[in-house]
Amino acid sequence: MTKLYDHEIVVIGAGPGGIAAGVKLIRAGLDDFVILERADDVGGSWHENHYPGLSVDIPALAYQYSFARKADWSRVFPRGAEVKAYHVEVARRFGLYPHLRFGTEVTRQEWDENRHVWRLHLAGGGEVTARYVISAVGAFVNPKADPGIPGLLDYHGKLQRPSDWDDDYDYRGKRVAVIGTGASSVQIVPALARSIASLTVFQRTPVWSLPKPDAQVPAAVQSMLRIPGVQAGIHGGVLVAVDLVLRAGVTAPMWLVRPALRTLDNVAIGAYRRYLRRVVRDPETAAALTPNYGPIAKRPTMSGFTFAFNRDNVALVTDPIRAITATGIETGDGTRHEFDMIVLATGYEVFCDPETYRPGMIVGTNGFDLSAFYNEQGLQAYQSVALPRLPNRWMLVGPYSWTGSGWHAFVEMTADHAVRAITEARRRQATRVEVRQSVHDAYHQRIHRRAAFLRYYLAELNAHVPTYYRNSQGDSTYIRPSGFFEARRGNQRFPLDDYEYTSLQAVLVSGRSNGKATTTESATA
């Protein structure tokens, strides 16, 4: 019989999720797969990002695969190069490089119902077909190309972006501006401040930032971490604590949640204001750095960011930016600031925003367009990974997916889901597997109902602050309103009959017997 596809399975993306999927596929004996990656090596953000000060913002013990624990991390919060090297080592150790195809960007995914395959259209032309697709595209899909500031193309100095940093440019002794105060900025600012003439940070929204308790990991501690079960036990204890907090929010009645969250925010804001008064010498700067929103309404950070403003060469500007000029930045009060280098730390397109999904980018059965669906119906997916009318396709980072754990922990569980569904389809000799509409709808209704406390916190109590935890539809589809362990059970032990399984051979036979070429629901070989 003629093979109907180039590869049985295509994984899109070779970041943490793509590596997890590749390892899980090999362990399941599913060897006919390729990992398509637009960059020239594995690692995702850890390959693309190499800006000054880059490091993880959670301890390394929580930022690694359960199947590839590393005991000899050099620091509690490793630098970016070490994290990148870890992902390369894991990919090599588990034999993923022969499956990798670099410099290959998928621009359109189109389901072919007649052949039960996905047609993946590539940038620059060409096509790859696959029976199954696992989208391992990460949470931060693309840097925002346009920060919405007039005059960007007029600037004649050096323009830097965290995701595309020019390491050859010598910024020592230069006048530098950083636009933004997000997770990248709070790392870049203290790293640059030590070696440049002046640094001006343009702030729209203050950020919560506490000192990072970073330190080198002593050899004795590394030896202890090599003892089987020690790392898993420590990480498991942290997950239990996070699990309890999320469960409390999900199960508590709203009449109790509302005043409790208001009180917690007020107490935290007051405490942080007093903290800044102690650690930032200039009272006006300390006041300007104080957020007027709760500590988890935006991504909280840890770095030396606030201490950088005690340096004589670092300034904070809170006046809105009117335009970027040929020589620098003009603010709303008419002041013109001149800079040799401007850093655009202005954010990313995020997986939980409907606008991230372009029209025609992912098209399923009967013209089903994921972009149109998400923009009209809101973001949703069964167990965060699967949707009706997108058969044979799973996404590792989907709506309501983050559980408060490190990224590796949850992309492992979603990869397990995809591999389990594919394995069952092969066992049943099915060529098409699709989550049942009724199952998906019931799941989404339950998740949406349980996310009420998140919507209150992000869309009501802290509605005044811009945050990617709340999307343009006012929904909080970034965070899964359940504990980590419930999410893991849901992805690793979902009822197999939550999916419908169809055999192309059975469809063709049925079509011939009926005198027409239509599919039959739930037909299995």
Side-chain angles (χ1 to χ4, degrees), residues 109 135 137-148 180 182-183 204-205 246 249-250 254 257-258 261-262 265 292-294 296-300 346-364 367-390 393-404 410 414 435 437 439-482 487:
Q109 304 168 42
S135 174
V137 176
F140 305 102
V141 181
N142 292 301
K144 291 181 179 177
D146 182 5
R204 179 181 62 170
T205 306
L246 280 172
V250 168
M254 288 303 296
V257 166
R258 290 173 180 268
L261 289 177
R262 285 197 300 268
D265 271 9
N292 65 349
Y293 60 90
I296 55 173
K298 285 175 68 75
R299 181 176 176 176
T346 49
Y348 288 79
E349 298 175 350
V350 187
F351 77 97
C352 52
D353 278 327
E355 296 82 6
T356 298
Y357 303 86
R358 306 289 196 271
M361 187 170 68
I362 302 169
V363 179
F368 173 81
D369 190 313
L370 184 61
S371 172
F373 177 74
Y374 275 170
N375 278 277
E376 295 167 8
Q377 304 295 326
L379 273 73
Q380 51 192 281
Y382 170 65
Q383 296 293 348
S384 304
V385 301
L387 273 166
R389 292 183 283 178
L390 292 179
R393 184 184 184 277
W394 299 266
M395 47 191 158
L396 302 191
V397 182
Y400 301 102
S401 59
W402 186 59
T403 59
F410 90 72
T414 50
V435 65
Q437 186 75 54
V439 170
H440 166 271
D441 292 348
Y443 173 84
H444 177 62
Q445 289 169 10
R446 183 171 69 255
I447 284 292
H448 190 267
R449 182 175 63 251
R450 295 175 70 178
F453 83 104
L454 291 170
R455 286 193 296 276
Y456 166 71
Y457 186 78
L458 296 168
E460 293 185 44
L461 184 58
N462 290 288
H464 58 288
V465 60
T467 173
Y468 58 70
Y469 290 163
R470 180 189 66 249
N471 66 21
S472 59
Q473 298 169 325
D475 207 350
S476 53
T477 59
Y478 190 97
I479 304 168
R480 176 167 174 151
S482 71

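Evaluation of the salt bridge (charged side-chain N to carboxylate O under 4.0 Å, His left out) rule for Arg262 yields no partner, not counting sequence neighbours. With sequence neighbours left out, the ring pair (Phe, Tyr, Trp, His ring centres under 6.0 Å) criterion links His440 to no other residue. With sequence neighbours left out, Arg446 forms a salt bridge (charged side-chain N to carboxylate O under 4.0 Å, His left out) with no residue at all.
For the residue pair Asp369 and Pro359, the shortest heavy atom distance occurs at OD2-C, 3.8 Å. For the pair Ala451 and Tyr400, the tightest heavy-atom approach, listed with the atom from each and the gap, is CB-CE2, 4.2 Å. Nearest approach of Val350 to Tyr468, heavy atoms of both residues: CG2-CB, 3.9 Å. What you find for Lys298 and Thr205 is that their closest heavy atoms are CD-CG2, 4.0 Å. What you find for Asp146 and Gly148 is that their closest heavy atoms are OD1-N, 2.9 Å. Contact between Ala459 and Gly474 at its shortest, heavy atoms only, is CB-O, 3.6 Å.
Looking at heavy atoms from C-beta onward, Gln109 lies out of side-chain contact with Leu390 at the 4.5 angstrom threshold. Residues Ile362 and Ser371 are not in side-chain contact: their nearest non-hydrogen atoms beyond the backbone lie 4.5 Å or more apart. Counting heavy atoms from C-beta outward, Tyr457 and Tyr469 have side chains that stay 4.5 Å or more apart. Looking at Arg358 and Glu349, their side chains come closer than 4.5 Å, going by heavy atoms from C-beta outward. Side chains of Tyr443 and Val435 form no contact here, defined as non-hydrogen atoms less than 4.5 Å apart. The closest side-chain heavy-atom distance from Met395 to Ser401 is not below 4.5 Å. In this structure, His448 and Asp475 have side chains that are in contact, with non-hydrogen atoms separated by less than 4.5 Å. Side-chain atoms of Thr477 and Phe351, non-hydrogen and from C-beta on, never get closer than 4.5 Å to each other.
Judged by distance alone, the side chain of Thr414 and the main-chain N or O of Leu396 form a donor-acceptor pair under 3.5 Å. Using a distance-only test at 3.5 Å, with no hydrogens or angles considered, no donor-acceptor pair links the side chain of Asp353 to the main chain of Asn471. Side-chain atoms of Thr403 never come within 3.5 Å of backbone atoms of Arg480 as a donor-acceptor pair (strictly under, hydrogens ignored). Between the side chain of Gln473 and the main chain of Asn375, a donor-acceptor pair closer than 3.5 Å is present. In this structure, Tyr293 contributes its side chain and Leu461 its backbone to no donor-acceptor pair below 3.5 Å. Arg470 contributes a side-chain N or O that, together with a main-chain N or O of Leu458, makes up a donor-acceptor pair within less than 3.5 Å. For the pair Ser384 (side chain) and Gly398 (backbone), a donor-acceptor distance under 3.5 Å is absent. A donor-acceptor pair under 3.5 Å links the side-chain atoms of Thr467 to the main chain of Ala297, judged by distance alone.
Distance CG/Leu379 to OG1/Thr356: 8.5 Å, rounded to 0.5 Å. A distance of 10.5 Å separates CD in Glu460 from CG in Asn462, rounded to the nearest 0.5 Å.
Below 30°, between 30° and 60°, or above 60°: for Trp402 and Tyr478 the angle between ring planes is above 60°, a perpendicular geometry.
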- Message: Run the side chain to side chain contact (heavy atoms under 4.5 Å, CB included) test on Val250 and Phe453 for me, step by step, so that the C-alpha distance in whole Å, both residues' side-chain angles and the decisive distance to 0.1 Å come before the verdict.
- Response: CA-CA 7 Å; Val250 168; Phe453 83 104; 3.9 Å; yes
